[in-house]
Amino acid sequence: METALALAIVLPKAKGGLGYRHIVLNHRILIPQELKATIRSDYLEVDIFAPHRNVGVEYDGDAHSELKRRTHDSDRLAILGMLGVSMRTITASHFMHQLDFHRAMNSVAALLHLKLPTARDYQLAQNDLRIALIRGWKSHND
């Protein structure tokens, strides 16, 4: 679903996307020496990274619901915050519900300093995009 999320960010506003093209997928952020004692990896990988804004967007699927994984994710977010990276996490539930998706994408847009249209046409296009992105899902747990 990282690909669907990336599409929602890069597609033009006329198609319901955010129209922000300056992203890198699966971007590695190196851990500076002074923070290496806080995590066991030498780097952190961010699903979608906007280097010009120092913003990361993560998709969390079911694999992130295990306690051990949630602990790791919590540690990651703390370290990314220490490094000045603003993060937003999006879940399958955001994609499944129109208003949740709309609000989540608004928060990503705010982090990226984007102005989104408030017209009904944009919201309809955004919902059409959401539906197209989740077409073929077996369930919201995929």
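Only a predicted model underlies this, so the values are computations on that prediction, with no experimental measurement involved.
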- [ ] Taking the side chain as every heavy atom from C-beta outward, state whether Y20 and H52 have any atom pair closer than 4.5 Å.
- [x] yes
- [ ] Please answer whether the main-chain N or O of T3 pairs with a side-chain N or O of Y59 as donor and acceptor at a distance below 3.5 Å.
- [x] no
Task: Cluster companions of L124 among Ile, Leu, Val, Met, Phe, Trp, Tyr (side-chain spacing under 4.5 Å) - done: none
Open item on the list: Using 0.5 Å steps for rounding, measure from the CG atom of N127 to the CD1 atom of I131.
Closed with: 4.0 Å
TODO: Measure the spacing between CZ of R28 and CG of D42 and express it to the nearest 0.5 Å.
DONE: 10.0 Å
TODO: Flag yes if L80 and I9 sit in one hydrophobic cluster, no otherwise; membership is Ile, Leu, Val, Met, Phe, Trp, Tyr, and two members link when side-chain heavy atoms are under 4.5 Å apart.
DONE: no
TODO: Drop me the distance from T89's OG1 to D60's CG, to the nearest 0.5 angstrom.
DONE: 5.0 Å
Open item on the list: Take a 6.0 Å sphere around NZ of K13 and say whether it holds more than 12 heavy atoms from other residues, nucleotides or ligands.
Closed with: yes
Under 3.5 Å, which donor-acceptor pairs link side chains of residues 94-118 to any protein atom two or more places apart or in another chain?
unit_1: H94; atom_1: ND1; unit_2: T91; atom_2: N; d: 2.9
unit_1: H94; atom_1: ND1; unit_2: T91; atom_2: OG1; d: 3.1
unit_1: H102; atom_1: ND1; unit_2: Q126; atom_2: OE1; d: 2.7
unit_1: H102; atom_1: NE2; unit_2: N106; atom_2: ND2; d: 3.2
unit_1: S107; atom_1: OG; unit_2: R88; atom_2: NE; d: 2.6
unit_1: S107; atom_1: OG; unit_2: A104; atom_2: O; d: 2.6

Open item on the list: Using every non-hydrogen atom in the two residues, find where L133 and A4 come nearest and quote the distance to one decimal.
Closed with: CD1-O, 3.5 Å
Open item on the list: Is any side-chain heavy atom of E58 closer than 4.5 Å to one of V46?
Closed with: yes
Open item on the list: Rounded at 0.5 Å granularity, tell me how far CG in L83 sits from CG in L35.
Closed with: 5.5 Å
Open item on the list: Tell me whether D128 contacts the main-chain N or O of G16 through its side chain, where contact means a donor paired with an acceptor under 3.5 Å.
Closed with: no
Open item on the list: Which heavy atom of A125 sits nearest to which heavy atom of A14, and what is that distance?
Closed with: CB-O, 3.9 Å
Task: Heavy-atom pair of closest approach, residues V85 and G56 - done: CG1-N, 3.9 Å
TODO: Please examine the side chains of V57 and D47, heavy atoms only from C-beta on, and report whether any two atoms are closer than 4.5 Å.
DONE: no
- [ ] Applying side-chain hydrogen bond (donor to acceptor under 3.5 Å, both in side chains), name anything that partners S41, two or more places apart in sequence or on another chain.
- [x] none
TODO: State the CD1-CG distance between I48 and L5, to the nearest 0.5 angstrom.
DONE: 3.5 Å
TODO: Would you check, one step at a time, whether the test side chain to side chain contact (heavy atoms under 4.5 Å, CB included) holds for I29 with F49?
DONE: CA-CA 10 Å; I29 298 176; F49 186 66; 4.0 Å; yes
- [ ] Spell out, as yes or no, whether a donor-acceptor pair under 3.5 Å connects the side chain of R76 to the backbone of E45.
- [x] yes
Task: For I23 against V10, the heavy-atom pair lying closest together - done: CD1-CG1, 3.4 Å
Open item on the list: For residues M87 and V55: do they belong to one hydrophobic cluster (side chain heavy atoms under 4.5 Å, members Ile, Leu, Val, Met, Phe, Trp, Tyr)?
Closed with: no
